[in-house]
Amino acid sequence: MTNALRVAVLPGDAIGPEIMAQAIRVFDIVQKHRDVAFDLIECPFGAGAYFSHGTAFPEETRTTCDAVDAILKGPVGLSHEESKIIPVEEQPERGAILPLRARYNTFANFRPIFLSRQMAHFSPLKESIIGDGIDILLIRELVGGLYFGEKERGVNSDGQRYVREVLEYDEIQVRQVLRVGFEQAMLRKKRLHNIHKSNVLMSSVFWNEILDEVQQEYPEVEVIHLLVDAAATALCLNPGQFDVMVMENMFGDILSDQGGGILGSLGLMPSACLGPDKAYYEPSHGSAPDIAGKNIANPYSMIGSVAMMLEMSFGMKSESDAVWQAMKSVFEAGYSTADLSARSDMTLVSTVEFGDRVMDSLDALLR
Ligand code: IPM
Ligand code: MN
């Protein structure tokens, strides 16, 4: 037996602990069948951590995250109303998620927008548009742009309040994420959609200049340039044209939620956030306080994030494939949860029961 792989587990807020409880069962099943051991270390993170520790990203969580091999993060945050009790700087989005991304420089955010043909009924799109299913890899720059630029508020010389926030990228930041886009395109269909807004934004003109340079390194990849607003329309009208898409932080935030929309739910969106030395994995959605505690949230995005970790951090591709397969088979067997707009002939089960079925299937697949 090799040394245990250490994973920091940050369950988060609202539905976070419910879907996390299902996701971490995957580690048990994998270690039961394979010569590998996982050491899971649970850490406070998010609004709950603010109430228990006075900060949304406590020092002890930072120390653990520094030491582990990978981080599994659940969704964090409270409802808009409840959030108001927390000072703006400590609200978990600003006080926990962004510092986590910055700490590990997780510049490459992989957001697969995937729906098998058998799962097509979850999508609001017509079957004729979905065709054989949807299979897009959206790559979002995650540690630059407006999210991390200088911010300032004040009163100007006319006595009017104003705000200023800066969209900044240097060429290293742009090049490194574009390379990830090209590398993934090489592994897939050798087609890369570059999403930008160079008809207005200087930052996009700059981005595209760097892209032209990086493209020289990947002559086999066909690059298609598309304005971000047009890309929003195209994702609805013809998602099949996309394979790998790459874009800056804010564009990626918005278009990846639209990705969840064309699948039928953000609950179908896991993600991986990769830095030079460390990666963390999280659902692309929020903590859904409105359905918390009801045992109805689908754990797909959280379990899918474990699948991505197995492949991308631990090189366990076949085990990762088995996790995806297990989840697909549960849907295909006609089971879903109440939070997904399921076909009327599906049997709705709880979060825990959905997890049970995925784990049974995974157990059989790894045997
Ligand atoms: C996401 C989320 C975050 C973001 C928020 C919660 C900070 O919406 O991961 O897409 O905007 O990046
Ligand atoms: Mn988002």
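One-based numbering, in listed order, for ligands and for the atoms of each.
- When side chains are defined from C-beta on, Gln22 does not count as touching Met302, because their heavy atoms never get closer than 4.5 Å.
- In Glu213, the CD atom is crowded: over 12 heavy atoms of neighbouring residues, nucleotides or ligands sit closer than 6.0 Å.
- Sequence neighbours left out, the pairs with a member in residues 120-154 that pass ring-ring contact (aromatic ring centres under 6.0 Å, His included) are Phe122-Phe331.
- Listed for the Asn298 side chain is no donor-acceptor partner under 3.5 Å among the backbone atoms of Gly267.
- With Phe354 as reference, Thr337 is the one residue of Asn295, Thr337, Ile19 to meet the side chain to side chain contact (heavy atoms under 4.5 Å, CB included) rule.
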Inventory of protein N or O atoms under 3.5 Å from ligand 1 N or O:
unit_1	atom_1	unit_2	atom_2	d
ligand 1	8 (O)	Asp253	OD1	3.3
ligand 1	9 (O)	Arg101	NH2	2.8
ligand 1	9 (O)	Arg111	NH2	2.7
ligand 1	10 (O)	Arg111	NH1	3.0
ligand 1	10 (O)	Arg111	NH2	3.2
ligand 1	10 (O)	Arg140	NH1	3.2
ligand 1	10 (O)	Asp253	OD1	2.9
ligand 1	11 (O)	Tyr147	OH	2.5
ligand 1	11 (O)	Asp253	OD1	3.4
ligand 1	12 (O)	Arg101	NH1	2.7
ligand 1	12 (O)	Arg140	NH1	3.2
ligand 1	12 (O)	Arg140	NH2	2.8

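- Protein N/O/S atoms closer to the Mn ion (ligand 2) than 2.8 Å number 1 in this structure.
- Both the sub-6.0 Å distance and the 45° axial angle are not jointly satisfied by Lys73 relative to the ring of Tyr280.
- In the hydrophobic clustering of this structure, Phe110 groups with Ile254; members are Ile, Leu, Val, Met, Phe, Trp, Tyr whose side-chain heavy atoms approach within less than 4.5 Å, directly or through other members.
- Residue pairs meeting the salt bridge (charged side-chain N to carboxylate O under 4.0 Å, His left out) criterion with at least one partner in residues 293-309, sequence neighbours excluded, are absent.
- Between the CH2 atom in Trp207 and the NE2 atom in His225 there is a gap of 12.0 Å [rounded to 0.5 Å].
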